[in-house]
Amino acid sequence: MDQLKLTRRQMLRMMLAGGSVAALAACGTAPAAPTTPTDAPAAPAAATTAPAQVSQTGSTVTITYWGSFSGNLGEAEQAMVQRFNESQSDIVVDYQFQGSYEETAQKYTAGLQANTIPDLILLSDVWWFGFYVAGAISELDGLAQQAGLDFSDYEPVLLNEGNRQGKQFWIPFARSTPLFYYNKDLWAEAGLPDRAPETWAEFGEWAPQLIQRDGSTLTRSAFVHPDGASYIAWLFQGVTWQHGGKYSNEDFTMTMTDENTVRAAQFYQDTVRDMGWATLGQDINRDFLGGAAAAMMASTGGLAGITANATFPVGVGFLPKEANFGCCTGGAGLAIPSGIPDEKKLAAMTYIAFATNTEQAGTWARDTGYMPVRISTKQTPDMVAFFEANPNFKTAVDQLPLTRAQDAARVFVRNGDQIIGKGLERIIVNGEVPATVFADIDAELTRAAEPILEDLREVEG
Amino acid sequence: MLQKQTRHVTMRERREWLLFALLLGPNLFLFGLFTYWPLLYNFYLSFVSWNFLRPRKRFVWFENYAEVFSQPQFWTIVWNTAIFALFSVGLTLLIGLALALLLNQPLRYRNGARAVLFSPVIMSGAVVAVVWSYIFDPRYGLIDQLLGLIGLSSPNWLGDPAWAMPAVIMVYVWKNLGYAVVIYLAGLQGIPRELYDAARVDGAAPWDRFWHVTLPGLSPVAFFLSVTSILATFQAFDIIKVLTNGGPVIATTTLIFHLYDLGFVSYNAGEAGVIAIVLFAIMLILTIIQLRYLEQRVAYS
């Protein structure tokens, strides 16, 4: 009996110890306040109410920077951060790769719930706006002034995209445009002039000379489209404009059923099905570099990587025309979360000022192929020499003044990019009738735009 | 005396309760935090309109349910899920049984073969999917080369809506086969030798021995495997995400992938919550059916 009591007491003690360890492991908080299950995942706080404590009181401020670049883009980004950290001793930037643009935005959304947010974040063209209407990113004008950053030298077409009601929220950094890439070896083999096609009609005439077939399978296509997940809706934006159509109006009314928008979709379908010289690939860079596709439209941001990895000379050109020329901007910019201490905001802005100054913007453009975001960059001797040695980069920059910001349906409507992308997959892969599919997409976009419009009225009046 | 006795009992009872609570508490707390609370919270989310970012959640009653069930793609996705579960589980159980019977024979290199067969189980689903995406490539993939030997050309596995689901099922079965084989092997070795001896004495042919001794002996194992594999297929995500991303169009979108798509791509917490409820209901019903009807036919030794 005595022994049993002892064992039980021992056991109780063990359970107590075990229990608190388990509770600790579960919460990861201080042992003082064991949380009850009901209040543990606390009611999601408003995006704007993250803790505003100053955690650094010393002379150095460390800021966390979430970005989406890997591979050679990631190396270029790391090098930029390193140059900044070495250039001064007040601020240390800690660059953390978060995955794709989508994954970075997902993690930021989750971070806002859990109050673990970075001090500087790279947001793509389709993401910054959602965080803006949610009040999750800071207005930057005051900070820019404090950090001595002058907006007047930024490429206006790129800068204005991040501006709402005269206030800047998103600063262009890794901004790009689509570009027409072609394989010069295959072009020469087919006896084509060494340039990108002027029009889609001209490319339609060239394409049969570029393709290769094995029975009924296309072993080499003249052109490759990406799938929805790889932003076909971004590349199709320009094609829509070329056909005289558009995704939506400025007031968020959708125009997917516009005759010319549908005509552009019909053209996309025909390239793969009727004319049969294009394919839809999961990894267009892989197909282009491997010689499985003779040409593609892709971001200028891949120019350095593609040129370095290609086993053939790479040619680039402006996008082909149809009824007219059309090309949009894209890529990512930098934003500062709103729920962090002022000291960190200023440190983040100091980094932005560095990363987008005349000289660094040039280095970044040369390392990657992204647009120089500063007007003055183009005139620097380094850049002039570089353009001379690499005319492809010059082409990308020359196309910039002809570009414009994308339609609201893709960049301002939550998930608009993927909604349009899935629609195009239905048209190209399933061979569904473009007018029918785009009527569905029009309705879906309209529904997805409702909450954004509601929030927007609240934020902007 | 009587009073004292009662008090003693209450004391004792109280201490028993305390022990009970202490024994159960830590686990219950963790279950509550990580299982029951999310379940309840999800139930609540299925009735609100929320995008994870706005501070307020708008209560919309059954609007999310109406929206989800009225989309034509929802039924395609349910169908995809059923096909995926049926073929994945069916093929895993059948091929797994065949391989287990083979590997239960005294063959040379038997242990090596078992290890090779089991190795995909411990590999990361994402890695497996990346490797298979090269194997499936219709222009330079391994399958294309193999088919080329017999003069056939490879279908566009991952790009053609008709072939994408078979491709995903193939990879899923390949990855999980080893687990079924190991469990079957354990089951086979648990069948008493005497039963075979007795059957042989009674003049049972090999086929009869398999049908009347091996299969009934394996039934508890097969039951266990069917329950766990069905539940697992409903939660299969990694391979689909990396191999096809639910595409082309929605050819390989299953319910769990649809949940991810609605929740973490479209940021529609309410509709994602509805899908989670649907999944929960399906799994609950399947488990009840399995316990009620299948388990009765299982012969435990």
Side-chain angles (χ1 to χ4, degrees), chain A residues 8 11-12 15-16 18-23 25-27 34-38 40-41 44-49 102 106 109-110 112-113 130-131 133-136 214-217 219-220 227-229 279-283 287 290 292 414-415 418-419 422 425-426 429-430 432 447-448 451 455, chain B residues 15 18-19 21-23 25-34 36-38 40-41 49-58 67 71-73 133-134 137-140 144 148 152-156 158-161 164 243-251 261-268:
Chain A
R8 186 193 274 175
M11 201 167 166
L12 287 177
M15 288 314 300
L16 269 172
S20 51
V21 167
C27 309
T35 43
T36 59
T38 35
T48 45
T49 56
E102 275 56 42
Q106 274 172 18
T109 307
L112 287 167
Q113 299 296 316
F131 292 115
V133 291
D214 177 12
S216 62
T217 24
T219 50
R220 185 172 78 211
D227 62 9
T279 48
L280 188 126
Q282 288 188 311
D283 187 341
D287 288 354
R414 246 312 152 87
N415 208 31
Q418 294 298 308
I419 295 173
K422 282 282 173 202
E425 279 190 30
R426 278 173 64 188
V429 179
N430 285 0
E432 294 182 54
R447 201 169 59 84
D455 286 354
Chain B
R15 288 173 71 174
L18 188 68
L19 179 66
L22 279 168
L23 286 171
N27 274 336
L28 196 65
F29 172 75
L30 291 179
F31 261 108
L33 187 63
F34 292 110
Y36 301 130
W37 166 248
L40 289 175
Y41 188 63
S49 163
W50 187 47
N51 68 2
F52 292 93
L53 272 177
R54 310 163 92 186
R56 278 173 293 108
K57 304 184 187 71
R58 197 159 50 85
E67 183 57 43
Q71 282 165 359
Q73 58 167 7
S133 76
Y134 281 92
D137 191 285
R139 283 164 309 219
Y140 42 78
D144 178 55
L152 293 173
S153 64
S154 164
N156 187 1
L158 305 176
D160 184 337
L243 201 59
T244 63
N245 203 26
V249 197
I250 54 165
D261 222 19
L262 285 172
F264 302 102
V265 178
S266 311
Y267 288 77
N268 192 332

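Every chain is numbered from 1 and lettered A, B, ... according to where its sequence line falls, protein lines coming before strand lines.
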Chemist: Between A:Gln418 and chain B, with a heavy-atom cut-off of 4.5 Å, which part of the residue counts as in contact: side chain, backbone, both or neither?
Modeler: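 It is the side chain, since no backbone atom gets that close.
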Chemist: B:Leu158 versus chain A, heavy atoms under 4.5 Å apart: side chain, backbone, both or neither?
Modeler: both
Chemist: Is A:Arg426 in contact with chain B via its backbone, its side chain, both, or neither, using a 4.5 Å heavy-atom distance?
Modeler: both
Chemist: What distance separates B:Phe264 CZ from A:Thr109 OG1, expressed to the nearest 0.5 Å?
Modeler: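 Atom-to-atom, B:Phe264:CZ and A:Thr109:OG1 are 10.0 Å apart.
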Chemist: Tell me the closest heavy-atom pair linking A:Lys422 and B:Val249, and the distance in Å.
Modeler: NZ-O, 2.8 Å
Chemist: Does a side chain donor of either B:Ser266 or A:Asn415 reach within less than 3.5 Å of an acceptor in the other side chain?
Modeler: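 B:Ser266 vs A:Asn415: donor-acceptor pair found between side chains.
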Chemist: Please state whether the side chain, the backbone, both or neither of B:Ser153 comes within less than 4.5 Å of a heavy atom of chain A.
Modeler: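 Answer is side chain: those atoms of B:Ser153 sit under 4.5 Å from chain A.
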Chemist: Can you list the residues that meet the side chain to side chain contact (heavy atoms under 4.5 Å, CB included) rule with B:Pro161, with sequence neighbours excluded?
Modeler: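 Listed in chain order: A:Val429, A:Asn430, B:Pro248, B:Ala251.
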Chemist: How would you list, by chain and number, every residue that makes a side chain to side chain contact (heavy atoms under 4.5 Å, CB included) with A:Asp287, sequence neighbours excluded?
Modeler: A:Val224, A:Ala292, A:Ala293, B:Arg139, B:Tyr140
Chemist: Given that the side chain runs from C-beta out, which part of B:Asp137 has a heavy atom under 4.5 Å from chain A: side chain, backbone, both or neither?
Modeler: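 When you check distances to chain A, only side chain atoms of B:Asp137 fall under 4.5 Å.
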Chemist: Please look at A:Arg447 and chain B and tell me whether the side chain, the backbone, both or neither of the residue comes under 4.5 angstrom of a heavy atom of that chain.
Modeler: side chain
